[in-house]
Amino acid sequence: MRVAVLSLAHERAEVYARLLHDLPDVELLIADPDGAPDDQARARSLAGELGVPYTDDWDEVLPWRPNAVVVTSAVDRRREIVERMAEAEAFVLCEQPLALSERDVKEMVDACDMAGVRLTLASPACYGEAFAAVRRGIADGAVGTLTTIHGAYHTPLAAGAAGGAVAVNAPYLLDLVDMVLGGAPAEQVYAQANDVLGGGQGVESAAVLTVTYRSGVVATLDCSGSRSAAGPTLTLVGDRASVEYDAAPRLLGGFDAAAGGERREPGGEDRYPLMLREFLETVDTGKGTGPDGEVGLRTQRIIQAAYASLRTGQPVDIT
């Protein structure tokens, strides 16, 4: 199977390239035609290290005929790239946010639908047996009637990012909630934010979204920036019980005498290879269990309504 990683603009692009390179039966191409000079230099260096082809020309990507692509470009380039790759009938795995407007996301979803290829969102927290067990438990009524969801996702906000905490971090939480609720649409959102920790970027560095769904579930999501990553986590509360899901738990692994204290290690499965393996299976089957373009479209509607709420200071209905 031929897979192209398109751009090294995103921080996880190199991770994806290395994981794909290690998979059997995968031919890898790295391309960065629209990347910044530093990104292109890193892409060339990575391609040389892995011994895979590199190109800085779109006219060389399409004749290579990739079966699938991983879109890790700057956000403002993603719509064009996704549409081009869909036209070439390549399945698409795209980083969040897909775009910064509902119109752009809709065009991306439509392009993939018309080409008969699946648009998959790069939301690693939506994969793995732990999250699957949470979804089954909620669907089977293990917590009774689900009433409330509390979510948190904290990551450093990169300088020059296309948006603040709402645009960059909230999609990963909203994707999780959408998967748990089975695609139930949201009807209203109220957002609060500040830029105290923004470092002069002029975008929100701390934000909380309260989203009301038509099913009656209310989700409160802390998507603030932070110097260190934490989450995503969800606490799902029903009228009989509650359950907590942590996509990146920290488990006590023993004591490291040399370090003079406790040693903590990541627990659970590594979701990045899980996500990539399922994405590649999607190319063969046409189906996938991870979030797709329609999930991304519902998420983008909530994000846009959240920004409207920040401007008005009032809850905003989602139509």
Would Val61 and Met85 count as a side chain to side chain contact (heavy atoms under 4.5 Å, CB included) if you check the C-alpha gap in whole Å, the side-chain angles of each, and the deciding distance to 0.1 Å?
CA-CA 9 Å; Val61 175; Met85 294 301 115; 4.2 Å; yes
Establish, from distance only, whether the side-chain atoms of [X] and [Y] form a donor-acceptor pair under 3.5 Å.
X: Ser123; Y: Gln96; answer: no
X: Arg103; Y: Ser101; answer: no
X: Thr55; Y: Asp57; answer: no

Go through it in stages, so that I can follow the logic: the residues are Phe131 and Arg271, the test is side chain to side chain contact (heavy atoms under 4.5 Å, CB included), and I'd like the CA-CA distance, side-chain angles, deciding distance and then a yes or no.
CA-CA 11 Å; Phe131 184 59; Arg271 287 163 181 80; 5.8 Å; no
Rounded at 0.5 Å granularity, tell me how far [atom1] in [X] sits from [atom2] in [Y].
X: Thr282; Y: Lys287; atom1: OG1; atom2: NZ; result: 11.0 Å
X: Phe91; Y: Leu280; atom1: CZ; atom2: CG; result: 11.0 Å
X: Ile318; Y: Ser309; atom1: CD1; atom2: OG; result: 10.0 Å

Please identify each residue that fulfils salt bridge (Lys or Arg N to Asp or Glu O under 4.0 Å) with Asp178, with sequence neighbours left out.
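Result, salt bridge (Lys or Arg N to Asp or Glu O under 4.0 Å) vs Asp178: Arg298.
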Is the number of heavy atoms from other residues, nucleotides or ligands within 6.0 Å of CD (Glu87) greater than 12?
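No, CD of Glu87 has 12 or fewer neighbouring heavy atoms, counting only those of other groups under 6.0 Å.
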Quiz: residues 16-33 side-chain donor-acceptor pairs under 3.5 angstrom, not counting sequence neighbours:
residue, atom, partner, partner atom, Å
Tyr16, OH, Arg12, NE, 3.4
Tyr16, OH, Glu95, OE2, 2.5
Arg18, NE, Glu14, OE2, 3.0
Arg18, NH1, Glu49, OE2, 2.9
Arg18, NH2, Glu14, OE2, 2.9
Arg18, NH2, Glu49, OE1, 3.0
Arg18, NH2, Glu49, OE2, 3.1
His21, NE2, Leu50, O, 3.0
Asp32, OD1, Ser7, OG, 3.3
Asp32, OD1, Gly35, N, 3.2
Asp32, OD2, Leu8, N, 3.4

Would you check if [X] and [Y] make a side-chain contact, meaning some heavy-atom pair closer than 4.5 Å?
X: Asp222; Y: His154; answer: yes
X: Asp317; Y: Gln188; answer: yes
X: Asn169; Y: Leu173; answer: no
X: Leu176; Y: Pro232; answer: yes
X: Tyr307; Y: Glu204; answer: yes
X: Arg77; Y: Leu6; answer: no
X: Leu46; Y: Tyr54; answer: no
X: Arg78; Y: Leu98; answer: no

Return yes if some donor-acceptor pair links the side-chain N/O of [X] with the main-chain N/O of [Y] below 3.5 Å, else return no.
X: Ser45; Y: Ala41; result: no
X: Tyr245; Y: Ala125; result: yes
X: Asp195; Y: Val203; result: no
X: Glu278; Y: Gly290; result: yes
X: Arg118; Y: Gly288; result: yes

Search all heavy atoms of Pro97 against all heavy atoms of Pro171 and return the closest pair with its distance.
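Closest heavy-atom pair between Pro97 and Pro171: CB-CG, 4.5 Å.
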Closest heavy-atom pair and its distance - Asp59, Arg84
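The pair with the smallest heavy-atom distance is OD1-NH2, 4.0 Å.
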For the hydrophobic clusters of this structure (ILVMFWY residues joined by side-chain heavy atoms under 4.5 Å, transitively), does one cluster hold both [X] and [Y]?
X: Val166; Y: Val316; result: no
X: Val218; Y: Val177; result: no
X: Leu297; Y: Met114; result: no

ring-ring contact (aromatic ring centres under 6.0 Å, His included) contacts touching residues 22-53 (sequence neighbours left out):
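Non-adjacent pairs meeting ring-ring contact (aromatic ring centres under 6.0 Å, His included): zero.
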ring-ring contact (aromatic ring centres under 6.0 Å, His included): which pairs involve residues 170-190, sequence neighbours left out?
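Residue pairs passing ring-ring contact (aromatic ring centres under 6.0 Å, His included), neighbours aside: Tyr153-Tyr172.
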Under the salt bridge (charged side-chain N to carboxylate O under 4.0 Å, His left out) rule, what do Glu83 and Arg79 come out as? Steps first, then yes or no, please.
CA-CA 6 Å; Glu83 288 179 335; Arg79 173 183 168 180; 3.1 Å; yes
Side-chain donor/acceptor pairs under 3.5 Å, residues 207-214, sequence neighbours excluded:
none

Which donor-acceptor pairs under 3.5 Å do side chains of residues 136-150 form with protein atoms, sequence neighbours excluded?
residue, atom, partner, partner atom, Å
Arg136, NH2, Glu129, OE2, 2.5
Thr147, OG1, Val237, O, 3.1

